[in-house]
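Computed from a predicted structure; not experimentally measured. Just follow the structure's listing: the first ligand is 1, and inside any ligand the first atom is 1.
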Amino acid sequence: MSFKDLQLNKPILRAIADAGYDDPTLVQERTIPLVLGKKDVITSAQTGTGKTAAFALPILQLLFDKQDAPKKGKKIKALIISPTRELAIQINENFKVYGKNTNLRSTVIYGGTSIEPQKDILNKGIDILIATPGRLLDLHKQDNLNLDYVETFVLDEADLMLDMGFIDDVKKIERLCPDSKQTLLFSATMPYKVEQLANTILKSPERVEVSPTSSAAINVSQVLYYVPKRNKIELCLHLLRNTIKGNILIFRRTKFGVDKLEQTLIKNGYKVETIHGDKTQNLRQDALKKFKNGYVNILIATDVAARGIDINELDAVVNFDMPNVPETYVHRIGRTGRAGQTGMSYSLCSADEKTYVKTIQQLINVQIPIEENHPYPLDPKAKPIVHKSKKTGSKHKKGRKSVASKKKKKRWY
Ligand code: AMP
């Protein structure tokens with residue numbers, strides 16, 4: 001199927017061609033006709049499947065067909081709610097790319113930054129608004145926002161939205177829009193609470209299920225390293241020196257962990273940027289820009305900060321900490337191996353994280369290949385090295401014998 005077959009009009013087709021897209025992805029093929037048919041739709045698809053264009057293209061098309069006032073006087077006719085600022089910014093960037101040959105105006109509003117410029121932009125009149133829930137409600141409370149004309153309401157990354165505690169905000173926002181609107185819900189996973197929300201805000205929705213969350217990206221080669229917790233940093237440095245190449249996204253579970261690893265990598269001569277929730281919006285945007293334009297090749301992030309961010313040409317994902325929610329593993333490694341490219345995922349698992357690996361493997365129904373040939377194995381049978389304590393001169397067991405000389409061996413469980 002081609003984009004032309006999807007009945008998209010010329011200005012949008014030209015923009016898609018300029019973006020370098022040849023054919024629609026599966027999620028686009030299935031979702032676009034439903035949106036153009038004004039149906040409510042639940043699409044379950046991971047990031048990396050082209051889901052943003054799956055709603056952005058038909059929304060632009062619907063609005064383009066009945067454009068009104070050129071600038072001032074424009075009313076918000078499409079509202080997209082996104083859980084994180086980065087994702088919201090990215091969605092707006094996509095709307096700008098796909099809508100560049102139309103007069104449709106989009107803007108993005110999010111918290112953590114001055115509200116006044118956002119008010120000014122809204123006052124000038126826009127067609128498409130992308131927003132994080134908190135700031136949207138603030139602006140509404142201050143009477144700077146009229147959602148009475150919204151025709152299409154999109155809830156992106158609904159599962160993450162609920163995980164982040166936005167359920168009440170989402171319901172409030174939905175009620176601020178007219179009853180007659182079309183509602184689209186996108187979610188990487190469909191847990192019960194998302195189904196429940198969908199039942200309350202969508203009307204006889206059509207369903208599109210493209211790749212179940214349990215299917216890890218097929219073009220990502222996964223490898224697992226068992227390593228004592230205390231040796232994770234050394235193993236990470238060893239892998240960066242010898243194995244992992246290119247643009248690398250490293251995940252840590254906590255903000256503290258992100259900062260700690262950043263300091264160590266910088267001390268070891270690496271150019272690193274970080275993103276996590278404690279950083280100001282400007283710092284997070286700066287970090288992302290430096291990574292995207294190649295000024296640094298390592299980005300360390302927490303899951304929430306990184307979810308949904310589109311980084312082209314990501315060569316590798318490193319799970320420095322194993323995620324305790326198995327779906328998170330799928331999201332993380334789905335960041336590489338996008339749009340037909342191949343990617344690598346390296347997971348560092350300590351003894352206390354073994355149960356996480358078990359649940360991940362159950363979810364993806366794949367046994368992740370284990371790399372045993374590394375200097376810091378977690379192997380109870382390995383002979384301990386005996387070190388002399390500096391202070392007492394006494395001998396104590398520490399670490400495991402290096403197996404660097406061992407024959408390279410990969411094991412499939
Ligand atoms: P998303 O799932 O929306 O985050 O999109 C993932 C990536 O795929 C983005 O870099 C998009 O620009 C790209 N993309 C979206 N649709 C297509 C397409 N039809 N052909 C090629 N790349 C695409």
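Of the possible polar contacts, one joining the Glu353 side chain to the Ser350 backbone as a donor-acceptor pair under 3.5 Å is found. The backbone N or O of Ser106 lies less than 3.5 Å from a partner atom in the side chain of Lys96, making a donor-acceptor pair.
Close approach to Phe3 involves these atoms of ligand 1, each under 4.0 Å from a residue heavy atom: 19 (N). Against a heavy-atom cut-off of under 4.0 Å, Gly50 is close to the following atoms of ligand 1: 1 (P), 2 (O), 3 (O), 5 (O), 15 (C). Annotation for ligand 1: atoms under 4.0 Å from non-hydrogen atoms of Asp23 are 18 (C), 19 (N), 20 (N).
The local environment of NZ in Lys358 is sparse, with at most 12 non-hydrogen atoms from other residues, nucleotides or ligands closer than 6.0 Å. Residue Tyr270 qualifies as enclosed at atom OH: its count of foreign heavy atoms under 6.0 Å is above 12.
Contacts between Gln28 and ligand 1 below 4.0 angstrom, taking non-hydrogen atoms only, involve the side chain exclusively.
Considering backbone and side-chain N/O atoms, Lys51 comes within less than 3.5 Å of an N/O atom of ligand 1.
Under the salt bridge (Lys or Arg N to Asp or Glu O under 4.0 Å) criterion, Lys290 pairs with Glu273, sequence neighbours left out.
Taking each of Thr25, Thr52, Leu57 in turn, the one with a heavy atom nearest to atom 3 (O) of ligand 1 proves to be Thr52.
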